[in-house]
Each structure stands twice: as C-alpha cells, then as structure tokens.
Amino acid sequence: MLKKVPADIDALKTIDDKLRWLSAWTIHHANHIRESADGLKVGGHQASCASMTAIMAALYFHALGPNDRVAVKPHAGPVLHAIHYLLGSQTLEQLKNFRGFGGMQSYPSRTKDKIPVDFSTGSVGLGVAITAFASLVQDYLAAHGMMEEADRGRFVALIGDAELDEGNIYECLIEAYKHDIRNCWWIVDYNRQSLDATSADRMFERFDEIFASCGWRTVELRWGKKLAAALAKYPVLGEWLEELPNADHSALLYQGGPAWRARIGADLGKKADAFLKSHDDEALVVLMSDLGGHCMETLVEVFDAAQDDVPTLFVAWTVKGFGLPFAGHKDNHSGLMNPTQGQTLRDSMGIKDGEEWEPLAGIGGNARAGVEALIERSRIAREKRERSFGKIDIPAIPAPQGEEQSTQAAFGRVLLDLAKSGAPLADRIVTTSPDVTVSTNLGAFVNQRGLFKRREMADVFAKAKIPSAQKWSATNQGQHIELGIAESNLFLMLAALGLSGDLFGERLVPIGTLYDPFIARGLDSLNYACYQDARFLLVATPSGVTLGPEGGAHQSINPPLIALGQPGLRHYEPAFADELAAMMEEAFRLIDAPDGESTYLRLSTRSIDQVERADDGWKEGALKGGYWLREPGINAEAAIVAMGALMPEALAAWEELSADIPGLGLLSVTSPDLLHRGWTAAQAQRWGGSREPSHVEQLLSRLASGAGLVTLCDAAPASLSWLGGVLGNRVAPLGVERFGQTGSLADLYAAYRLDGAAITEGIAELLLPQTSS
Ligand SMILES: Cc1ncc(C[n+]2csc(CCOP(=O)(O)OP(=O)(O)O)c2C)c(N)n1
Ligand SMILES: [Mg+2]
C-alpha cells in the first residue's frame, strides 16, 4: 500500500459539496436547460447522487489507490462523472450531453463512457457481486505470476441499500466465502429508501449477521461526529433516535426543523427541553442530518482503519437527497429540482449565475488552494486503461479423431489435448463450472491442470488410493475454478475473468460450462458480462430433447433464440467434431481480438457418425454460420436445412429423398445467429450504395426461386424458420415447442416430429400442389 497523506477534511467537505452540486446541475441542465428535440423527460437521479457524494469524495480524493477498482451504484453515475470533471478527465461537453446521444451514460458504462469505468452497472446487484469475482481473478493472476503482489488493488462496490434485496448478492457471498476472497469493500449507501418506499427496518438488523457469518468485517457509520456528540450529551435523545422507524426518520428529514421540534417534544416531553432550547430550527436540521455517511471525519476514519485485506461491509447511514429540497421524501427517487429550486441551491453554494459549470466556482481564498492540492493528489487513474488484445498465440486446433463422436466428448478431448500440448494458450485458459465440471466433460482438463485454490488442498481420495477418474488436487497453480450450483455466479465469474485484460492488463481465456437449459438461470448476469464486452467461451451441454432419458426438466428449448437476440455473444452449434474444433479455435481468436466477442457453443452428448470430408472447403462457411453439406443441384426445388445433433436424421432423409427429388440439398446451419446478423448487416449496407449479398443469401440463392425448405433443429423451430424470409422460400419448420419428457431418441424424435418421417412430410407439404378444400 502507498503511504497515505493525512486527510484534508475541509477540502474533502468542499469537494463533497462540489460533487453534489455538479451531479445535480448535470441532471438539471439535461432536463430544464438543454433543448429537447422530442419533449421526452430526460430523467436522472439527483437524490441518489446526493446521498453518496461524501462517501465518493472520501474514496476518490483520499482512500483509493491507483490499483483499486470501483463498481459505482448505477444511479450515482453522475457523481463519478463529476469526479472526473474535477480531475480534468471529463469534458464539459460530455456533462452537457448527459443522457444524450454519444454523451455520458445514465449509468456508468465501461464501453461507452469516455472516463475510466471499472465495472458497468445498471442492473442492480450485479455490479456488487462482480467485485468479489474480480478480487478472485486478481488472486489468480498474482498466484500465476501474471501480476506483482505489490500491484494488487482493492475492489469496491458502492451499493444502494435496496440493492441488498437482490439474491445474486447472497449467492456471490457464499461463493466468495468458499474462495476466501479478500481486498473487497462493499459500501452501502443506507439512505433507507428504495424506488417505491422506505426500507424495512427489521431486515437491516440481520445484514450484519449474514455478512459476519461469511467472514466479513462489518462497520456501521450511523451518526456523524456532531450528532454523536449531541447524543452523548443527551442520552435520552439517542435512545429515542435509535428506535425511530425509517419512514418517520425520512419524513422528519423532509419536513425540517419545526417538525423535528414538534415530534421530539411530543415524544420526549420535558426530558428534551434542554436539548431543544439549545438548538434553533436550522441547527436541528443540520444536526439531525449529520449521519455517518455524510460526516467526512467519520468516513476518513473508518476507511483509514480498514487497511488490511479483510473483506469489509460498511453500512453508511445517509439521507436520500441530502442537501436538496426533496431530502428524505419517499417519492424522491426520480425527483428533479424545478428551475427555482435549482437557482436556490446554486445561490446557497455561492455560485454565480453563469458560473454553474465552473469546476471550483464559489470556493474562495485559502479553501481553493486546499481543494486544488487535493485534486492534484488523487491517485485514481484519470485515463481509460488500454485494453489488452492480440497477445496470445492461438495454435491450430486439430479435430479429435474417431468415427463416432459427440460434440461434448470432442470438446473434452480438444481441451485435454491442449492441456497436454503445453501451448502458451493452454496456460492462459481458466475453466470454471457451477458443479457440472464432470458432466460437461471438463474433468480431463482438470486432471491435467488442477483446481485453483489460494491455499493448497489435497485430493483426499487420491491420497487414500481410492480409484477415481477425477484426480483433483487444488493448488494456487491450478487452472479450474470450482463453483457451487449458482449459474448467475458462473456468468459473473466469466465476466470478471473475461475482463482480466482490461482490469489487469493480462488477458485470460475463460471457459465456462453448464447445462444448456440453465443459461436462463443466469441470463441477466450473462447479459451483464456481454454488456461490458467481457470475453469468454461458454459451453452449454447437453442440450435439447437429444439428451433423451434425462427428461424434460433438463431439455433446453429456447437458448438458440436467446443467443439470436444477445449482442456480444456468438452462437455456434456444431454437428461434427471437426466443426467443433474449428469453432473453438475461432472462439479463442475472438477472445483475444479487439473486434471479437464471446462465443456460446451449444453441444450434445449424442454420439454420431462423423462425415468424410473431401477437403477443408466446408470450414469457411461453417464459421460464417452454414455450408452445404450436400450441394443442391441447379435450380433445386427443395432443401433440408438442419442444425447440430439432428444431422444424422437430416442426412438419412437426404439419402432417402434425393432419388425422388433431384438436386435436393442439405444445408448445415452452424450458427443461425451469424446468418441472421449477416443478413441484417447486408440490408443496412444497401442504404450506403452497392451491397454485397450476405452469406445466407449466397447460400440460399443456389436454390430455385421459391424453393421449399424443411428446417430441423433440436430447439424452438423459430431458430431456423426465419430463413424463409431471406429470399422468400416457403418453409416447413420442425423443432421443439413443448416441454420434453423421458424416452429413447427414437421415441422422442417421433413424438416431437424431428425424425425422417417428419422431414419427408415437410418436403411433401412444400412440393405437392396445394389443394384447396
Ligand atoms: C435488476 C433491477 N431491477 C430494478 C431496477 C430499477 N431500480 C433502479 S434503482 C431502484 C431502487 C434503488 O434503491 P437503492 O438501491 O436503495 O438506491 P438509492 O436509494 O441509493 O437510489 C430500482 C428498483 C434496476 N435498476 N435493476
Ligand atoms: Mg436507497
């Protein structure tokens, strides 16, 4: 840790005021001053900002070091921008364009904001949990010699109190405890208000215990120094205040001095006389608002006292809307000052008309020098960190050999071969799985590369010579991070691993596995990972009704549709092992490429005959989303279009039908996602002049105009049926639309119309003359 300079409390307080002003003014300007082209309310959260400015001033201008990373509560985004404005790393133009096109974003965004944002936030709860996983990644990198111990930083989450209702926080807390995470500060802005209401008093008493039982130190910042002194002098007032319900407290903070006086007088009678006499109404408001989260002395003191690496929860009592006209009002979440209130606030801050944007307006004389010195001293990064790409040597990934293989088994073999090869890529791979490592075929990789644990853990079964296929000892050199069954944690782990290049300058190659249907379980966390452009490979297996006897509860139906609508994630669904190998190689490349993305491989446990290839001509098409596995004849009237594990049915039907239907083609779709994207991208190009036909258009143009397509996939049929819209082909869509059930593949394919008979019927439907009844 760097040596600390003693805090300049006065300057910090001035900065607190400045942040409150600038964040409020930025929002005010966007709503009341900036020209509105469409009359829509712009919005913003002045109250949510105001309750955090002291906490953020104490952090960014005192406690944070250059290697610390912060997830800022989404609605306090404008405070972060105000901080960078004071530091000179945010422009006036950006502040003026808050929530405008290309301007600073409503909620901190790693990818879109111009200032350094360590973690995007917006979907509450996720920004909190990712800090714990990022601290684990830091431990991983340090243990693997990819970063210096001394460069380790702290991971700070600034949390709204209502955010603590999000279940993902507790899933993360449990996982974090198992991994003995450290260097985390979670700071709760305990303003006791959410969007709709004031927070339940009862629950808050429990948070301490929950965190403490997971190894966290908890620190409560309840009263500020002045209020604490007053309560020490008048203990009866202290007892009364401790018991005051959240809703009453908020209402009194909103109503002001006379209301406090009346209520204290009514509740305490003569016992409060001395206290009330010694405070006029204005003094009462100031005193009763002196909560720990607004008291700079308290904030500096608790942050300075927590310099070890023990994870710490700070509960900072605050007033939502502190210092603003709607302070404490239960409806203030989206409250905006009106123009008159804006002017009054400006005047109260000593800022002249026209100087609203002046960073240090209203600060005179000696105070200004102190503030300037403090701004100069802040150790946080002012520039966005460079992203780390293009540094990993990606070897060719050969296809596993074998006449009959499943894509899931082939995945395990590719990883095993990589682990044994000693290629530098293998050293960058980190695998992780929510308790399905073995059943998703990661086991062999883990046998080679071991579990990661900061503290060594012997494989008790191996030591006792009990036979087992899994020989898993854990060391700090291991490369597999074991997770409990909480899929949201998997995606947050992948998000943190997938940002390692951005956060720490060392890119890892994260691979996460889970069962395909359980993507839905962690979907928002997956979206969150993609939103930040974290890079990883997600392997979802098994999938579809093809997992047969496992039954309906494990059979996925809609993930290809999810992938079709998910930016930043490329869906590949291979049928054969050589396709899988090519896709994995591509996925590794995409992880390490500036214009890359993450990849989702949807795999199967079904072992199928591999096809003979004359050459590598299929590969390019397979990586673009599809290729003709059986070329169509000139002006073919029909084609079978199939994806993934159902390819044997498609091939058999093709064999059977092609005698009767000359030129029948078989199109293997490896990524509906890429085909669709290519199609829409080509459409968008048209407006710019000449346009290249997209890959899917090129594929389908091989058929006669208006030819029929029977589409077949072990997923929602809409995954492929849209292909008919590209060139106007008629489509008979086959796929799964009902929940699955147990059974053999033959039973299930017949029941769900995924078999040869269904394909034949589909073709007949398309080719026979339409009869009218
Ligand atoms: C997952 C999710 N659900 C709902 C919302 C909408 N929302 C935004 S803020 C908020 C309440 C936040 O209250 P709190 O965390 O206490 O923040 P503060 O009082 O500091 O504004 C809600 C429900 C959201 N952003 N994310
Ligand atoms: Mg709140």
Side-chain angles (χ1 to χ4, degrees), residues 543-546 555 557-558 560-561 564 573 575 604 606 608 611 625-633 635-672 675-676 696-697 699-740 743-773:
S543 59
V545 299
T546 298
Q555 292 164 342
I557 296 172
N558 62 9
L561 293 181
L564 208 50
E573 187 152 341
S604 168
R606 183 183 189 195
I608 65 172
V611 276
Y627 66 99
W628 286 105
L629 185 57
R630 295 289 179 260
E631 295 281 336
N635 280 333
E637 291 293 333
I640 301 170
V641 180
M643 178 163 78
L646 295 176
M647 208 54 75
E649 278 60 37
L651 272 165
W654 180 85
E655 294 282 350
E656 201 176 305
L657 295 171
S658 42
D660 296 330
I661 304 166
L664 179 71
L666 169 53
L667 181 64
S668 166
V669 171
T670 48
S671 175
L675 292 183
H676 199 284
V696 67
E697 288 166 303
L699 288 169
L700 294 177
S701 65
R702 300 278 306 279
L703 303 172
S705 137
L709 307 176
V710 175
T711 61
L712 176 73
C713 55
D714 189 351
S719 312
L720 295 180
S721 61
W722 61 267
L723 286 165
V726 177
L727 296 183
N729 296 98
R730 294 179 57 223
V731 174
L734 302 177
V736 183
E737 283 176 303
R738 291 169 290 133
F739 287 116
S744 69
L745 291 189
D747 292 337
L748 293 170
Y749 290 169
Y752 291 87
R753 299 194 75 243
L754 303 172
D755 58 359
I759 298 172
T760 307
E761 283 166 18
I763 293 274
E765 172 84 10
L766 292 169
L767 294 187
L768 293 180
Q770 301 289 297
T771 50
S772 53
S773 54

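Source: prediction; values computed, not measured.
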Only one of L745, V545, D755, D714 passes side-chain contact (heavy atoms from CB on, under 4.5 Å) with L646; say which it is.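 So the option named by the test is D714.
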Considering all heavy atoms of both residues, which atom of [X] and which atom of [Y] are nearest to each other, and what is their separation?
X	Y	value
A645	T546	CB-CG2, 4.0 Å
P560	A715	CG-CB, 3.6 Å
G626	L675	N-CD2, 4.1 Å
C713	P717	SG-CA, 4.3 Å
A707	N729	O-ND2, 2.9 Å

To the nearest 0.5 Å, how far apart are [atom1] in [X] and [atom2] in [Y]?
X	Y	atom1	atom2	answer
I763	L664	CD1	CG	5.0 Å
W654	L666	CH2	CG	8.0 Å
M647	I640	CE	CD1	10.5 Å
L734	L754	CG	CG	7.0 Å
E737	N558	CD	CG	12.0 Å
L727	S701	CG	OG	6.5 Å

Are the charged groups of R730 and E765 less than 4.0 angstrom apart, N to O?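 Not counted as a salt bridge, because no side-chain N and carboxylate O are separated by less than 4.0 Å.
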Show, in sequence, the C-alpha distance, side-chain angles and deciding distance for L712 and M643, and conclude whether the side chain to side chain contact (heavy atoms under 4.5 Å, CB included) test is met. CA-CA 7 Å; L712 176 73; M643 178 163 78; over 6 Å; no
Check whether [X] reaches the backbone of [Y] with its side chain - one donor and one acceptor, N or O, closer than 3.5 Å.
X	Y	result
T670	E573	no
N635	A704	no
Y752	F739	yes

Would you tell me whether Y749 and S744 have side-chain atoms, one donor and one acceptor, within less than 3.5 Å of each other?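 Y749 vs S744: no donor-acceptor pair found between side chains.
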Given L709 and L700, is the side chain to side chain contact (heavy atoms under 4.5 Å, CB included) satisfied, shown in steps? CA-CA 10 Å; L709 307 176; L700 294 177; 4.2 Å; yes
Report the C-alpha distance between V611 and L651 in whole Å, list the side-chain angles of each, state the deciding distance to 0.1 Å, and finish with yes or no for side chain to side chain contact (heavy atoms under 4.5 Å, CB included). CA-CA 10 Å; V611 276; L651 272 165; 4.0 Å; yes
Could you tell me which residues satisfy side-chain contact (heavy atoms from CB on, under 4.5 Å) with L564, sequence neighbours excluded, listed by chain and number?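 With neighbours one apart ignored, the set is L561, P672, D673, H676, W722.
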Output all residues satisfying side chain to side chain donor-acceptor pair (under 3.5 Å) with E649, sequence neighbours left out; order by chain, then residue number.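 E649 satisfies side chain to side chain donor-acceptor pair (under 3.5 Å) with R606 once adjacent residues are dropped.
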Using side-chain heavy atoms (C-beta onward) and a distance below 4.5 Å, is L629 in contact with L667?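 They are not in side-chain contact.
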Decide yes or no for V731 and V710: does some side-chain heavy atom of the first lie under 4.5 Å from some side-chain heavy atom of the second?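 Of all side-chain heavy-atom pairs linking V710 with V731, none is under 4.5 Å.
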Around E656, counting heavy atoms of other residues, nucleotides and ligands shown, do more than 12 lie under 6.0 Å from its CD?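 Open: at most 12 neighbouring heavy atoms sit under 6.0 Å from CD of E656.
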Side chain to side chain contact (heavy atoms under 4.5 Å, CB included), that's the test. Do V736 and Q555 meet it? Break it down for me. CA-CA 10 Å; V736 183; Q555 292 164 342; over 6 Å; no
